[in-house]
Q: 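My questions will all concern the structure given below.
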Amino acid sequence: MLTPRPPTNTRASLKYVPLLLKTSPTPSSSLADPIKLLNKLAETRNLKVGKVLHAQLITSSHASEIGDVFRSNSLINFYAKCDEIPVARHLFDQMSDRNIVSWSALMTGYLHNGLALEVLGLLKELVSGENLRPNEYIFAIALSSCSVSGRVEEGKQCHGYVLKSGLVFHQYVKNALIHMYSRCMDVEGAMWVLNTLPGYDIFSYNSVVNGLIDLGYLREALEVLGCMVTIRNAWDNVTFVTLFGLCARLKDLKLGMQVHGQMLKSDVESDVFVSSAIVDMYGKCGNIANARTFFCGFPNRNVVSWTALMAAYFQNGYFEEALHLFMEMEVHDVMPNEYSFAVLLNSSAGLSALRLGDLLHARIEKSGFKDHTIVGNALVIMYSKSGNIIGANKVFLGMIFRDSVTWNAMISGYSHHGLGKEALNVFQDMLAAGVSPNYVTFIAVLSACAHLGLVQEGLYYLNQLMKQVGVEPGLEHYTCIVGLLSRAGLLDEAENFMRSTPVKWDVIAWRTLVNACHVHRNYGLGKRIAEFVIQMDPHDVGTYTLLSNMYAKERRWDGVVKIRKLMRERNIKKEPGVSWLEIRNTAHVFVSEDKKHPEYSQIHEKVQELLAKIKPLGYVPDIASVLHDVEDEQKEAYLSYHSEKLAIAYGLMKTPSEASIRVIKNIRMCDDCHSAAKLISKVTNRVIIVRDANRFHHFQDGGCSCADYW
DNA sequence: AGCCAGCATG
């Protein structure tokens with residue numbers, strides 16, 4: 001990994017450098033001046049002019065000056081800073097008489113070019129030599145090399161050496177040492193150095209705190225920060241960036257605001273890093289208004305701060321606003337980067353806006369960010385969430401680098417689309433590719449097993465494979481097992497599993513079981529569990545719905561009335577069913593029983609026409625599920641007003657006969673619409689894809705990819 | 001003449 005460098009200002013230095021070259025006044029000062037100049041050029045990384053100067057030095061030098069150590073060191077430093085490592089190395093090798101600076105200049109070059117192991121090799125060479133003793137510069141570099149390469153052993157050897165030699169009392173060395181222990185996951189070592197050796201600065205503290213955060217010890221990090229209040233006036237930008245990051249991870253808005261207040265009182269200036277961290281903190285803590293206000297008041301924005309705000313909108317569910325910010329950003333001439341595109345794609349996915357996602361994809365192809373893994377990952381997720389699983393797979397196959405997120409996205413994409421077999425195939429490929437599955441992977445794998453009814457395989461993954469690869473099963477995995485067992489009809493086993501597994505089960509897990517009872521028509525067990533769930537959470541709307549459906553299926557109207565009364569008393573309202581679909585660039589929104597669409601009468605006519613066509617194929621309106629207190633014919637009418645029926649009908653009216661129709665629905669699809677959609681796909685010979693609150697349904701030729709279980 | 005930290009995506 002490269003260490004960031006200060007920004008270069010090539011243009012400015014080009015202006016005055018030739019002048020300086022000409023005005024090198026007398027031969028006597030020609031030794032000192034080129035060195036100053038070379039340092040300046042190294043600082044600004046002006047390779048072009050430096051090369052010219054180097055050539056001049058060679059042609060104009062006296063023989064005695066060629067071997068001059070100072071000049072060679074400056075040249076090594078210059079080429080190392082310009083990332084011309086082979087040249088620096090060549091100069092180093094050519095020197096007959098090196099001093100310690102020659103070594104440190106070259107080692108710095110290696111370190112900043114990601115060649116930390118070369119640094120450690122040079123160190124070995126240096127200490128085994130006779131005439132030179134490594135100094136504090138050498139160890140600051142060497143320890144930093146141990147940090148980036150994770151070489152704790154070498155780091156500890158350096159520690160021993162600097163202790164014996166007394167070099168450890170140099171602040172740079174001490175800080176490098178603390179940083180080494182922090183980065184190598186040895187926070188105790190870092191704390192020990194911090195606390196036992198005299199002299200600390202804010203740098204040491206920042207390193208330890210960041211080390212703790214990297215290890216996930218957030219509370220401990222906060223404790224160390226607490227110790228730092230005594231030196232609060234020493235806090236710098238890094239401290240605040242770290243602290244805001246911590247508040248964001250803890251989702252502690254109160255603390256975040258306190259820290260923000262502290263920062264305003266201190267004389268630390270808010271640079272782009274701090275301001276991005278503040279925007280991010282407010283976003284992650286759910287206070288989008290503060291994120292926006294702060295962003296607007298901060299003049300020096302860059303891509304990062306824009307992206308942080310976009311992400312803040314995205315994380316809080318304001319997908320349109322995130323996408324709108326993209327346009328604002330373009331107006332301000334800020335170029336998006338790979339992170340911006342990832343957030344935009346995720347926002348697009350949040351809206352299931354396939355067409356917009358396609359447009360973004362085209363932009364990304366042109367932008368040059370398409371081979372960034374985070375962009376590829378976001379594309380896979382976008383296509384999958386927008387209902388185009390084939391598109392998702394196409395991106396997946398075209399990716400050059402795949403990380404665990406990539407694999408997880410593809411596996412869970414297939415799984416959500418009910419394509420369990422494909423999901424498990426990708427999982428096998430993942431293992432074959434040597435990528436370790438993680439917590440998220442197994443959620444997707446287990447739910448794929450559930451779709452396929454692979455009980456034995458699922459239990460094998462939970463009990464054997466997860467242990468083998470060292471992933472501790474959590475609530476989500478156990479919930480998948482509940483789904484797996486109950487989906488296979490093993491309802492009692494599922495309940496026993498829940499009673500015997502020592503996990504803190506949540507409402508989602510219990511509702512999974514209720515849902516399974518509903519599908520498998522085991523209303524006795526289903527009602528018992530459902531009653532239990534609504535005791536646990538009196539506001540779980542989904543369970544009330546399932547419970548009253550089960551009473552209705554049993555024609556137990558007293559039960560239905562009881563549930564409805566309960567819901568009224570507890571002021572629980574069913575979320576109205578909303579479905580929408582994209583036709584060209586417009587989203588058409590349909591609300592159940594809502595007649596506001598301008599083409600409502602034609603749409604209604606189309607629904608009637610479709611229902612008439614599918615009745616001969618066996619469609620029977622599920623009037624038992626209608627909870628309105630009305631006559632049967634009217635119940636049938638209510639069913640025909642369901643939002644997904646309206647949306648499907650509209651799609652059929654407005655798109656060419658070969659196009660597939662993609663509908664998105666906010667809540668679970670109802671049984672009646674599900675069986676109607678299956679038959680509609682048959683009579684119209686269309687592919688209809690419906691994304692409901694839980695998953696995707698691919699209706700084709702009279703069947704659904706969920707195999708009637710959802 | 002040379003040396004040690006930090007932010008945004010999933």
Side-chain angles (χ1 to χ4, degrees), chain A residues 3-4 32 35-36 38-39 42 68-78 80-81 99-109 111-112 135-145 147-148 167 170-180 182-183 201-211 213 236-245 248 271-281 283-284 302-312 314-315 336-347 349 369 372-378 380-381 403-406 408-409 440:
Chain A
T3 309
I35 287 176
K36 270 196 180 148
L38 267 174
N39 291 337
D68 182 74
V69 185
F70 271 43
R71 178 177 297 183
S72 296
N73 287 350
S74 292
L75 280 167
I76 292 173
N77 177 45
F78 167 74
K81 288 275 156 55
N99 68 11
I100 201 71
V101 179
S102 327
W103 290 78
S104 68
L106 183 64
M107 285 162 93
T108 309
L111 174 61
H112 289 324
N135 63 5
E136 70 272 23
Y137 283 82
I138 296 293
F139 278 107
I141 302 159
L143 282 165
S144 177
S145 302
S147 306
V148 294
L167 290 170
H170 288 272
Q171 197 62 48
Y172 271 108
V173 174
K174 189 183 163 184
N175 286 342
L177 196 55
I178 291 172
H179 187 235
M180 186 276 293
S182 298
R183 283 288 296 259
D201 59 13
I202 195 66
F203 183 103
S204 340
Y205 272 115
N206 288 341
S207 289
V208 171
V209 172
N210 281 312
I213 292 174
D236 66 357
N237 289 351
V238 178
T239 321
F240 280 108
V241 168
T242 306
L243 203 35
F244 285 125
D271 61 16
V272 270
F273 291 104
V274 178
S275 67
S276 301
I278 291 175
V279 172
D280 180 57
M281 180 275 289
K284 293 227 167 78
N302 67 0
V303 217
V304 181
S305 26
W306 279 94
T307 308
L309 186 63
M310 251 162 44
F314 164 73
Q315 283 148 4
N337 66 11
E338 68 270 34
Y339 290 97
S340 327
F341 281 120
V343 179
L344 289 166
L345 286 167
N346 287 329
S347 304
F369 289 114
H372 286 257
T373 308
I374 55 164
V375 174
N377 293 349
V380 172
I381 292 165
D403 60 15
S404 58
V405 177
T406 323
N408 292 349
V440 179

Q: Can you identify which nucleotide, out of B/dA8, B/dA1, B/dG10, has its nearest atom closest to the A/Ile381 side chain?
A: B/dG10
Q: Quickly work out the A/Leu106 CG to B/dG2 P distance and round it to whole Å.
A: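 Interatomic distance, CG of A/Leu106 to P of B/dG2: 15 Å.
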Q: Taking the side chain of A/Ser144 as heavy atoms from C-beta outward, which of B/dG10, B/dA1, B/dC4 is closest to it?
A: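 Looking only at heavy atoms from C-beta outward on A/Ser144, the closest nucleotide is B/dC4.
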Q: Among the nucleotides B/dC7, B/dA5, B/dC4, which one has an atom lying closest to any side-chain atom of A/Val241?
A: B/dC7
Q: Checking A/Asn175 side chain against A/Ile178 main chain: does a donor-acceptor pair fall under 3.5 Å?
A: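 No, because the side chain of A/Asn175 does not come within donor-acceptor range (under 3.5 Å) of the backbone of A/Ile178.
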Q: With a 4.0 Å cutoff (strictly under), does any side-chain N or O of A/Ser347 reach OP1 or OP2 of B/dT9?
A: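 No, A/Ser347 has no side-chain N/O under 4.0 Å of OP1/OP2 on B/dT9.
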Q: Regarding B/dA5, can its base be found pairing with the side chain of A/Asn175 as donor and acceptor, where the two atoms are less than 3.5 Å apart?
A: no
Q: Under 4.0 Å between any heavy atoms, over every strand shown, what does A/Val343 touch: base, sugar-phosphate, or nothing? Just pick one.
A: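 Counting heavy atoms under 4.0 Å across all strands, the contact made by A/Val343 is with sugar-phosphate only.
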Q: Would you tell me if any nitrogen or oxygen in the side chain of A/Lys81 comes within less than 4.0 Å of OP1 or OP2 on B/dA1?
A: no
Q: Check whether any side-chain N or O of A/Gln315 sits under 4.0 Å from OP1 or OP2 of B/dT9, and answer yes or no.
A: yes
Q: With heavy atoms under 4.0 Å as the rule, sort A/Glu136 into base, sugar-phosphate or nothing.
A: base
Q: Just to be sure I understand the rule, does A/Asn77 reach a base, reach only the sugar-phosphate, or reach nothing, if contact means heavy atoms closer than 4.0 Å?
A: sugar-phosphate
Q: So how far is it from A/Leu111 CG to A/Ser104 OG, rounded to the nearest 0.5 Å?
A: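 If I round to the nearest 0.5 Å, the distance is 11.5 Å.
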Q: Using a 4.0 Å heavy-atom cut-off across all strands, classify A/Ile374 as base, sugar-phosphate, or nothing.
A: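 Here A/Ile374 touches the bases of the nucleic acid.
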Q: Reckon A/Lys174 has a side-chain N or O less than 4.0 Å from the OP1 or OP2 of B/dC3?
A: no
Q: Ignoring hydrogens and geometry, is there a side-chain-to-backbone donor-acceptor pair from A/Asn210 to A/Asn206 under 3.5 Å?
A: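 Answer holds: yes.
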Q: For A/Phe273 and B/dC7, is the gap between ring centres under 5.5 Å while the planes differ by less than 30°?
A: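 The ring of A/Phe273 is not stacked on B/dC7.
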Q: Going by centres under 5.5 angstrom and planes under 30 degrees, do the aromatic ring of A/Phe139 and the base ring of B/dC3 stack?
A: no
Q: For A/Ile178, which contact category applies under a 4.0 Å heavy-atom criterion: base, sugar-phosphate, or nothing?
A: nothing
Q: Kindly assign one of parallel, tilted or perpendicular to the pair A/Phe369 and A/Phe341, based on the angle between their ring planes and the thresholds 30° and 60°.
A: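 Because their plane-to-plane angle lies in the 30° to 60° range, the rings of A/Phe369 and A/Phe341 count as tilted.
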Q: From the list B/dC7, B/dT9, B/dC3, which nucleotide is the closest neighbour of the side chain of A/Asn346?
A: B/dT9
Q: Determine the contact category for A/Asn408: base if any of its heavy atoms lies under 4.0 Å from a base atom, sugar-phosphate if only primed atoms, P, OP1 or OP2 are that close, otherwise nothing.
A: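 Nothing, no nucleic acid heavy atom in range.
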Q: Counting only side-chain heavy atoms from C-beta out, which of B/dA5, B/dG6, B/dG2 sits nearest to A/Asp271?
A: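 The nucleotide sitting nearest to the side chain is B/dG6.
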Q: Please check this pair: side chain of A/Thr242 against backbone of A/Val238, looking for a donor-acceptor N/O pair closer than 3.5 Å.
A: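 Present.
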Q: Would you kindly give the CH2-to-C1' distance between A/Trp306 and B/dC7, to the nearest whole Å?
A: 18 Å
Q: Between B/dC4, B/dG2, B/dC3, which one does the side chain of A/His112 approach most closely?
A: B/dC4
Q: NA contact type, A/Asn39, heavy-atom cut-off 4.0 Å: base, sugar-phosphate, or nothing?
A: sugar-phosphate
Q: Would you sort out whether A/Asp403 and A/Thr406 count as a side chain to side chain contact (heavy atoms under 4.5 Å, CB included), showing the intermediate values?
A: CA-CA 5 Å; A/Asp403 60 15; A/Thr406 323; 2.9 Å; yes
